[in-house]
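Note: hydrogens, waters and symmetry copies are ignored here, and every other heavy atom, side chains too, is used. Numbering starts at 1 and runs along the sequence shown.
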Amino acid sequence: MDFVEFDTFNTDDKDVNLPQPQPALSLPIASNLENFSKKFSGFSLSRNFTSTTNDSTAATTTNPQSQGNDVMDKYAKLSLSILQKEELLSKSDTTNQNVTDSLSTRLSRVLNGSISDTKMREIFSSLEDKLDHDVQYYQELVEPGFMGTVSRKKLKSRIEHELIKNQATVLKEYQPIVKQLKHVEAKLKKLNDLNKQTNDRLQKNFEFSHEFNTTVNKLYEEKQLIGIKKELLSAFKNKFTLSEYEEYMLVQGDLNDDFFVALRKAERIVEDCSILLAEDNPQLGLKIMSKTNGIIDKAIERAVHYCHRTLDNLYSLNSKSRFVTLHNCFQFLKDKDRFGEIINKFSESRSKDLLHEFYNQIQGQDESQGPSTERRPSAKSAASSSTDIRPLFLSAHDPVRFVGDFLAYIHSIAVNESETITNIFTMGDDDDHQFDSIIQNVTDMILKALSKPIKSKIEQIISTETKLLTIFQIFNLVELYSMMFDKQLHQSEDLVSTMKVLVRACQDRIFTIVSSKIATISSSTSARLELNLDLQPPEWIIDFYAEILPMVDQVTSDTILHLSKEENDRFLNLIINQPIKVFTDHVHDNNIFTKRDSYIIRFNFLDLIQSKIMPISLLSDKVLEINDLNNGLVAKLTELELTTLLQHCGLYDYYNIINMICPFSDDFFEPSIYEPIKENKLYSLEKLQKVDSMLQEYVPNAMIEIQQSLLRLNSPVTVTEVVNNVFLEFVKFVEKLDSINKEYIEYNFTWSDFELATMLGIDEVYITYKQNISTQ
């Protein structure tokens with residue numbers, strides 16, 4: 001198929017824009033394809049063999065004989081050319097090699113483009129369809145004769161026809177684009193003409209604009225310079241000078257918001273003048289500072305005068321605007337030295353008013369005699385004048401009532417004064433605490449004037465009062481108001497401390513009165529003469545507790561008079577232990593009393609005190625203490641009566657002998673322990689028989705005698721206890737002694753222990769004792 005040529009379609013022709021295949025794959029190509037590629041220099045299998053198999057072309061054939069001659073001539077020429085090429089092959093190996101490589105590359109590009117296997121299969125299938133799948137036809141194409149030539153020409157014509165048809169189809173696709181490009185070409189020409197005209201005009205405008213911009217820039221720079229100067233002058237004026245209106249407001253205008261705005265601005269001017277003073281020439285800064293400071297001083301004087309005038313007449317604060325202005329003055333003057341002057345003068349004036357009203361209430365002076373002409377606003381609710389409220393001096397005959405009215409009056413004016421001061425320095429905002437320390441200081445300074453008169457007056461009443469109950473009532477009032485002052489007027493430390501001092505004065509006065517009473521009783525002859533053989537407590541102890549116990553009974557706190565633990569113990573010792581000590585000393589100093597009488601009168605005295613203090617819970621510890629003392633006296637009295645009974649029965653010596661050997665014990669008794677008693681001379685049958693006779697003679701009357709001896713003991717319960725204890729110990733001793741006699745001398749008393757207990761009237765007590773011993 002080396003006769004196939006495509007000279008009409010050369011890919012190197014620039015005027016034909018055909019689609020190019022993708023870069024070829026590197027595939028091996030046989031040498032006979034090199035000659036084949038020469039014939040297909042501009043042929044693309046990927047586009048030429050995609051047409052359908054139904055298309056067919058009719059090639060015009062010529063005479064077979066003439067066509068055969070032509071073919072023969074052509075082959076002859078071709079043979080000659082090949083021979084010539086072979087002769088020249090040795091001379092142009094390099095050239096031929098390049099041609100072969102070029103053909104191989106072109107054919108490789110055609111056959112081995114980036115075509116998928118499916119596409120390649122489709123191309124060769126189409127080629128097979130073109131050849132009609134006829135083996136005979138294949139043979140005709142390769143025959144060297146005339147018929148082969150005709151077949152090959154037909155195949156060439158058909159291929160060229162399909163190629164032209166396919167290329168025409170491709171070109172038809174680009175026809176609309178070509179039309180559009182021609183239309184765009186006409187518009188581009190017009191656009192280029194317009195562009196040329198516009199460029200000419202722009203060039204002219206640019207030259208004009210350049211001149212105009214130069215002029216405008218010069219004028220703008222001048223404007224900026226002038227603006228900067230103007231802004232500097234305006235800023236300097238605003239920062240370092242006051243306007244005429246601001247200066248007028250500071251010197252002569254009303255004290256309103258504009259006044260304080262101008263005043264703050266003037267202060268900022270003075271502060272900012274430090275910048276001017278740092279310049280090489282500080283004269284300007286000094287002049288501005290001097291002038292501004294003068295204006296500020298005048299404004300401060302006006303603010304101070306306004307504060308004095310307003311605080312002297314507090315009724316003017318009913319005006320909201322005036323109150324706000326006063327607070328603005330306080331805000332401005334707070335850090336100034338003049339603010340202390342205002343506070344001191346105001347505090348001094350208020351203190352004088354308070355003292356004036358105080359003395360009018362206490363001394364009953366006429367209101368017209370007072371030096372002040374203006375009254376405090378709070379006086380309406382506290383004590384505005386002596387005609388509006390009953391003067392306190394009218395209740396001076398009753399100390400408790402007077403102190404109550406007095407402290408109520410002090411509390412009223414103090415609370416009102418505190419509220420007044422708080423209202424003056426507070427705008428009503430819950431978060432406004434900037435004047436808290438000033439409120440505390442002013443309130444303390446004003447109320448401090450009342451501290452000394454209050455202390456003096458109440459201490460005078462306390463020192464002259466001698467009744468404990470009255471002092472106690474005064475103490476309650478003072479303590480109550482002390483707590484109220486501490487809670488409501490904690491900022492007035494001086495007044496609160498004065499009330500605490502008065503509380504302590506009442507406590508000390510009570511101690512002093514009680515101590516004085518005890519000392520008087522201790523040294524009193526009449527108190528000693530009250531002790532007689534009736535063995536009853538003296539009258540002075542009844543009078544003493546009649547005055548003290550009602551006071552103690554009214555106490556509701558943990559300690560008496562809210563004393564500390566040590567002070568409370570000291571006071572209890574003073575009202576309980578000291579009277580007991582004084583009475584005991586009186587009894588010991590009196591020689592008319594026997595030992596029994598001494599025990600009985602002391603017991604009666606302690607029993608009286610115990611009965612008096614028992615209902616009072618605060619004295620419960622002292623009740624137990626006195627009960628222990630009574631138990632000790634009962635034990636001593638029991639021992640004394642037992643000794644007397646033993647002596648009357650003749651058993652006292654035996655009682656001492658046995659106790660010297662080994663004291664009796666309820667837990668354990670063994671007669672063999674007392675064997676040494678046989679060596680004593682008193683221990684004999686005759687003497688024990690004599691003791692038995694005395695026992696039978698005295699025991700029937702023992703109950704009456706011991707009851708007669710205890711007849712002046714005020715407590716029947718105690719009498720019964722002493723009698724039972726004495727007889728029980730007596731029976732226990734006789735019963736143990738009888739056991740010892742039976743062991744060593746084989747002798748028993750006439751009466752058994754139960755008979756003896758029955759004779760003494762303690763049979764039930766003794767039976768109970770025996771039962772307890774047996775259960776242990």
Side-chain angles (χ1 to χ4, degrees), residues 6-26 40-48 50-51 98 101-102 105-106 108-110 112-116 119 160 162-241 243 265 268-269 272 275-276 278-281 284-285:
F6 297 93
D7 299 332
T8 306
F9 304 97
N10 190 357
T11 56
D12 296 332
D13 191 355
K14 296 181 180 180
D15 293 335
V16 179
N17 187 11
L18 297 177
Q20 296 297 322
Q22 295 296 324
L25 296 176
S26 179
F40 295 87
S41 60
F43 180 70
S44 176
L45 291 176
S46 63
R47 294 187 59 87
N48 296 334
T50 58
S51 61
N98 293 336
D101 293 339
S102 177
T105 302
R106 293 175 66 186
S108 175
R109 189 184 308 118
V110 172
N112 297 320
S114 57
I115 302 174
S116 63
K119 190 69 176 177
E160 287 178 352
E162 287 190 13
L163 182 61
I164 292 170
K165 182 179 179 181
N166 291 336
Q167 295 296 338
T169 302
V170 172
L171 291 177
K172 184 180 286 187
E173 294 176 358
Y174 289 96
Q175 185 176 3
I177 299 174
V178 173
K179 291 181 179 180
Q180 291 179 3
L181 291 176
K182 289 181 179 181
H183 182 67
V184 171
E185 180 182 8
K187 290 184 177 181
L188 288 175
K189 288 181 180 180
K190 293 180 179 180
L191 185 61
N192 288 332
D193 295 338
L194 292 174
N195 182 42
K196 184 176 180 182
Q197 295 176 4
T198 302
N199 289 335
D200 294 339
R201 291 180 181 180
L202 290 175
Q203 182 64 29
K204 294 178 180 180
N205 292 336
F206 175 76
E207 294 176 356
F208 174 77
S209 298
H210 180 70
E211 295 177 359
F212 177 77
N213 290 335
T214 302
T215 304
V216 169
N217 288 335
K218 291 181 180 179
L219 294 176
Y220 181 73
E221 291 176 357
E222 294 177 359
K223 178 184 176 182
Q224 281 187 325
L225 182 60
I226 294 172
I228 291 172
K229 292 180 180 179
K230 181 179 179 180
E231 289 179 358
L232 288 174
L233 292 175
S234 177
F236 182 85
K237 183 179 180 180
N238 294 331
K239 196 173 185 66
F240 294 100
T241 61
S243 65
K265 181 178 179 181
R268 286 198 301 270
I269 289 174
D272 294 339
I275 300 174
L276 300 178
E279 298 292 332
D280 295 336
N281 186 4
L284 178 60

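Every side chain to side chain donor-acceptor pair (under 3.5 Å) that Lys187 has, sequence neighbours left out, goes to His183. Every residue two or more places apart in sequence or in another chain that forms a side chain to side chain donor-acceptor pair (under 3.5 Å) with Gln224 is listed here: Tyr220. With sequence neighbours excluded, no residue forms a side chain to side chain donor-acceptor pair (under 3.5 Å) with Thr169. Ile177 meets the side chain to side chain contact (heavy atoms under 4.5 Å, CB included) test with Tyr174, Leu181; sequence neighbours excluded. Considering only residues two or more places apart in sequence or on other chains, Ser243 meets the side chain to side chain contact (heavy atoms under 4.5 Å, CB included) condition with Tyr245, Glu246. Asp272 meets the side chain to side chain donor-acceptor pair (under 3.5 Å) test with Lys239; sequence neighbours excluded.
With rounding to the nearest 0.5 angstrom, the NE2 atom of His210 is 10.0 Å from the OG1 atom of Thr215.
A donor-acceptor pair under 3.5 Å is absent between the side-chain atoms of Ser234 and the main chain of Lys230, judged by distance alone.
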Identify all side-chain donor-acceptor contacts of residues 188-198 below 3.5 Å with residues at least two apart in sequence or on another chain.
unit_1, atom_1, unit_2, atom_2, d
Asn192, ND2, Leu188, O, 3.1
Asn195, OD1, Asn199, ND2, 3.4
Thr198, OG1, Leu194, O, 2.8

